[in-house]
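Below is one structure, written out as structure tokens; the observations come after it.
Here is the naming used below: chain letters follow the sequence lines, and residue numbers restart at 1 for every chain. Since the structure is predicted, the reported quantities are computational estimates derived from the model, not experimental observations.
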There are 2 protein chains.
Amino acid sequence: MATSSRTGRLTQEQRTAATRARLLEATLDLIAEKGWAETTTQKICERAGVSRGAQTHHFPTKDNLLIAAVTEIVGRYQKDLDTAAADPAGQVRRLEDVFEFLWTACFEGNLLTCWMEVMVAARTDQVLGSMVRVTDAKAIDAMRAMGEMCQVQAAPPGASASDIIELTVYLLRGMVVQSGIDPDQQLRQRLFNVWKSVVTGRLT
Amino acid sequence: MATSSRTGRLTQEQRTAATRARLLEATLDLIAEKGWAETTTQKICERAGVSRGAQTHHFPTKDNLLIAAVTEIVGRYQKDLDTAAADPAGQVRRLEDVFEFLWTACFEGNLLTCWMEVMVAARTDQVLGSMVRVTDAKAIDAMRAMGEMCQVQAAPPGASASDIIELTVYLLRGMVVQSGIDPDQQLRQRLFNVWKSVVTGRLT
DNA sequence: CAATAAACAAACAAGATGGTCTGTATGTTG
DNA sequence: CAACATACAGACCATCTTGTTTGTTTATTG
């Protein structure tokens, strides 16, 4: 319990937190910029301004570091989800608002770009796969729950608002991958508007 | 022009075609099984039963081989597209049939799984990116053209059948990525049916 | 059949990557 | 202040990956 705030020195805890944060931030940046496969420990250390010895001290193996990075991605996205879900506390929500949230969460920043890299890598990576499976299921459940709060009546029997939400999630994920090679975001915005009008026209 | 079919020997042309085909097949298998990043020249040669010398003879660099593999993927998918497009020659097509084709083309075999690996890798790879950009645009155009052959009237102004098709493509691509970590294909089938009923209920 | 070219095999070289190891600096605690 | 634990720095090593090179086999052609 030594803050030592008046001196220029740092607590061990502070130093640990700082270097870990720098490593994770560099890892996320590299995944977004160079892709999952090109994200090596050396490049991470270089970008984070951390020696390789320090990295191996905090994260003994590369898996440790990458798992922590994926946890960080999930945590940030989950945080967005939580705030959005708690926004109109207990009240009824408009489906339109949910669409708007999903769109913004997909294309602001590079979080979803990182997540698509992780999902694709998880397909052929055991440890990553089991991790992504559970966290992704949780995220989709949370988003479906947002749909159930909407007062809409689905026209086709068996189609719920939650289903529409989940479909929208897959659509947006496909669009995020597309945005990696096609810069025409206006086209996607227009198509998403079509999607919204088609879906909302069918629900009441 | 020596066929030499009666002897046990092979023409140079035949040998070339055979080894190239084996290498490409092994490459596609590895991309589907291990992912883009784990697809190394050594593993390709090992799986193809081809020496590394032979590989470097036919494909001097790894890029050459991978580009040829991507071309093979695109070619096979384009072939599916062409046969499907030419099926009801010049006639009007049902939107339902197009949906069915898109679904089948996505989940039969592992072609689309490979394609998603390529698309994600293309985001951070210059040469791959320019290649994927043009071929993907062509494929989407071809699929949009199938939508334009459907005699449907879009209810929301500005929404064409082609737009619905393109939205469906992105939706299915998101689902393909999901299928890499979530084996519940029945869920996706059910959701896709929801999407279809939403659309067909909205179009006439 | 002889000469030439192509297909093929395998060893080698250069660089990158991830993990281990040894040593040093900094903070913590009795 | 002394003993100890943690954070950090950098060298080292085994492995893997890609590309080159050298030599051998097989097919083609005059």
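Taking the side chain of A/K62 as heavy atoms from C-beta on, and the options C/dA7, C/dG19, D/dT21, the nearest nucleotide is C/dG19. Counting only heavy atoms from C-beta on, A/K43 has its side chain closest to C/dT17 among D/dA7, C/dG18, C/dT17. When each of C/dC21, C/dT28, C/dA9 is scored by its nearest atom to the side-chain atoms of A/T11, the top-ranked nucleotide is C/dT28.
Taking atom CG on A/L66 and atom P on C/dT17, their separation rounds to 13 Å, with Å as the unit. We find that NZ of A/K34 is positioned 14 Å from P of C/dA16, with the value rounded to whole Å. Taking atom CD on A/E38 and atom P on C/dT17, their separation rounds to 8 Å, with Å as the unit. When rounded to the nearest whole Å, the span between CD of B/E46 and C1' of C/dC8 equals 18 Å. The CD-C1' distance, from B/Q55 to C/dA10, rounds to 13 Å in whole Å. When rounded to the nearest whole Å, the span between CD1 of B/I44 and P of D/dT17 equals 11 Å. Taking atom CD of B/E13 as the reference point, atom P of C/dA5 lies 19 Å away to the nearest angstrom. Rounded to an integer number of Å, the gap from B/Q14 CD to D/dT26 P is 16 Å.
The residue A/T40 sits close only to the backbone: its heavy atoms come under 4.0 Å of sugar-phosphate atoms, none of a base. Within 4.0 Å of B/T19, counting heavy atoms only, lie sugar-phosphate atoms of the nucleic acid but no base atom.
OP1 and OP2 of C/dG18 both lie 4.0 Å or more from every side-chain N or O belonging to A/T61. For A/H57, a side-chain nitrogen or oxygen approaches OP1 or OP2 of D/dA7 to under 4.0 Å. Applying the 4.0 Å criterion to OP1 and OP2 of D/dC8, one finds that A/H58 has a side-chain N or O inside that range. At D/dT17, one or more side-chain N or O atoms of B/Q42 fall inside 4.0 Å of OP1 or OP2 (strictly under the cut-off). Taking 4.0 angstrom as the limit, B/T41 places a side-chain polar atom (N or O) nearer than this to OP1 or OP2 of D/dT18.
Two residues, B/D63 and B/R15, neighbour DNA chain D, and the one matched to the more 5' nucleotide by heavy-atom proximity is B/D63. Toward the 5′ end of DNA chain C lies the nearest nucleotide of A/P60, the other residue of the pair A/P60 and A/Q12 mapping further downstream.
At a threshold of 4.0 Å, the pair B/E38-A/R123 does not count as salt-bridged, since none of the basic side-chain nitrogens sits closer than that to a carboxylate oxygen. Between A/E33 and A/K43 there is no salt bridge, since none of the side-chain N atoms of the basic residue sits less than 4.0 Å from a carboxylate O of the acidic one. By the 4.0 Å N-to-carboxylate-O rule, B/R76 lies close enough to B/E72 to be salt-bridged with it.
Few gaps surround CD on B/Q185; more than 12 heavy atoms of other groups in view lie less than 6.0 Å from it.
Side-chain atoms of B/Q178 and A/D136 include a donor-acceptor pair closer than 3.5 Å.
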